[in-house]
Amino acid sequence: MNSWEDTGDDKKIVRRKLSDQVLERLREMIVRGELGPGDLMPSERTLMERFGVGRPAVREAMQSMHTLGLINISHGERARVSELSADLMFRQMDMVARMLLSASPDNLEHLKEARRLFEVGMVRIAAQNATADDVEDLKGLIETQREKLGDAAAFIKSDMAFHIKVSSISGNPIFQAVSEAMLNWVFNYHTDLLIWSGQEDVTLREHSEIVKCIEKQDSEQAAREMQSHLNRSNDLYRHREG
């Protein structure tokens, strides 16, 4: 037997789809800066000539780019390059997150635990970094939330805005994107499972206590208040049965 035969190390050479190769080239154009945010994508004919492929391969690659959020396709207009951002990265995970949350009660519990740990860290940073304007913004968000009493969907949206603002005080766009993603996964996919039962006023009081700690730059007490708030509010979420 030749030394190269039946070694188990051989890998089949797979011919890649033309559309996948076009997709890779288009992504490289964006990474290199040849195409920037807001730029019009080259026409189909231009791409066909540049890459030496047919129209189907170009169209499939463009659709994949759109699905990934890398370009925006509007009916009747040329596609434009999207702005790459941290929140775009997390939006691509939404479908998988929804499936995971629906698959098992454990996954929802893991997400709630991760959110609690994350937000306690965020509020510590907020207490250290918040400006007077940040504090006023947080107070304004609480008042906006108070105005939404009686409208569960609007109240939840305002709740999300409050927590996202806390994370944004870090000045780190990835932290803000993580916060928004986790909140969307918990709130939007499980809104119908919330058991409010008059807990809105409690939420508003707890938010106010958190802001007081941030205003006093008391990071440890802010962390304790956030921990208590999330321990209580996390109990409002239950895994969907059936």
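Quantities reported herein were computed from a predicted structural model and do not represent experimental measurements. Sequential numbering from 1 along the given sequence is applied to the chain's residues.
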Working note: Glu109 + Lys112, criterion salt bridge (Lys or Arg N to Asp or Glu O under 4.0 Å); need CA distance, chi angles, decisive distance, verdict. CA-CA 5 Å; Glu109 292 306 312; Lys112 291 193 295 187; 3.0 Å; yes

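- The heavy-atom pair separating Ala61 from Leu26 by the smallest distance is CB-CD1, 4.3 Å.
- In this structure, the side chain to side chain contact (heavy atoms under 4.5 Å, CB included) partners of Ala79, at least two apart in sequence or on a different chain, are Met41, Met62, Ile71, Ile73.
- Using a 4.5 Å heavy-atom threshold, the side chains of Glu119 and Val123 count as separate.
- Every residue two or more places apart in sequence or in another chain that forms a side chain to side chain donor-acceptor pair (under 3.5 Å) with Lys139 is listed here: Glu215.
- Linking Ile, Leu, Val, Met, Phe, Trp and Tyr residues whenever their side-chain heavy atoms come within less than 4.5 Å leaves Met48 and Leu40 in two separate clusters.
- Cluster annotation: Leu47 is connected to Leu68 through the hydrophobic network of ILVMFWY side chains, with a link wherever side-chain heavy atoms come within less than 4.5 Å.
- Results of the side-chain contact (heavy atoms from CB on, under 4.5 Å) test with Leu138 over Ile210, Val166, Asp133 single out Val166 as the only residue that passes.
- Between the side chains of Arg224 and Gln221, at least one donor-acceptor pair of N or O atoms lies under 3.5 Å.
- For residues 160-172, the pairs satisfying salt bridge (Lys or Arg N to Asp or Glu O under 4.0 Å) are Asp134-Lys165, Asp137-Lys165, with sequence neighbours left out.
- Applying the side chain to side chain contact (heavy atoms under 4.5 Å, CB included) test to Ser43 and every residue at least two apart in sequence or in another chain returns Arg45, Thr46.
- Qualifying salt bridge (charged side-chain N to carboxylate O under 4.0 Å, His left out) partners for Lys212, counting only residues two or more places apart in sequence or in other chains: Glu209.
- One distance of note links CD of Glu180 with NE2 of His163; it measures 13.5 Å at 0.5 Å rounding.
- Sequence neighbours left out, the pairs with a member in residues 120-130 that pass side-chain hydrogen bond (donor to acceptor under 3.5 Å, both in side chains) are Arg124-Glu220.
- With hydrogens and angles disregarded, no donor-acceptor distance shorter than 3.5 Å links the side chain of Asp151 to the backbone of Lys148.
- Legend: residues meeting side chain to side chain contact (heavy atoms under 4.5 Å, CB included) with Gln145, ordered by chain and number and at least two apart, are Phe155, Ser158, Asp159, Thr203, Leu204, His207.
- A search for salt bridge (charged side-chain N to carboxylate O under 4.0 Å, His left out) contacts involving Arg25 returns nothing, not counting sequence neighbours.
- Judged as a salt bridge (charged side-chain N to carboxylate O under 4.0 Å, His left out), and not counting sequence neighbours, Glu225 has no contacts.
- No single ILVMFWY cluster, assembled from side-chain heavy atoms under 4.5 Å apart, contains both Leu117 and Leu230.
- Residues passing the side chain to side chain contact (heavy atoms under 4.5 Å, CB included) test with Arg50 are Met29, Arg32, Glu34, sequence neighbours excluded.
- Salt-bridge annotation for Glu24 and Arg27: absent, with no side-chain N of the basic residue lying under 4.0 Å from a carboxylate O of the acidic one.
- At distances below 3.5 Å, not a single donor-acceptor pair connects side-chain atoms of Ser179 with backbone N or O atoms of Phe175.
- Counting only residues at least two apart or in different chains, salt bridge (Lys or Arg N to Asp or Glu O under 4.0 Å) contacts with residues 52-69 comprise Lys17-Glu60, Glu44-Arg55, Glu44-Arg59.
- By the side chain to side chain donor-acceptor pair (under 3.5 Å) test, Arg80 pairs with no residue at all, sequence neighbours left out.
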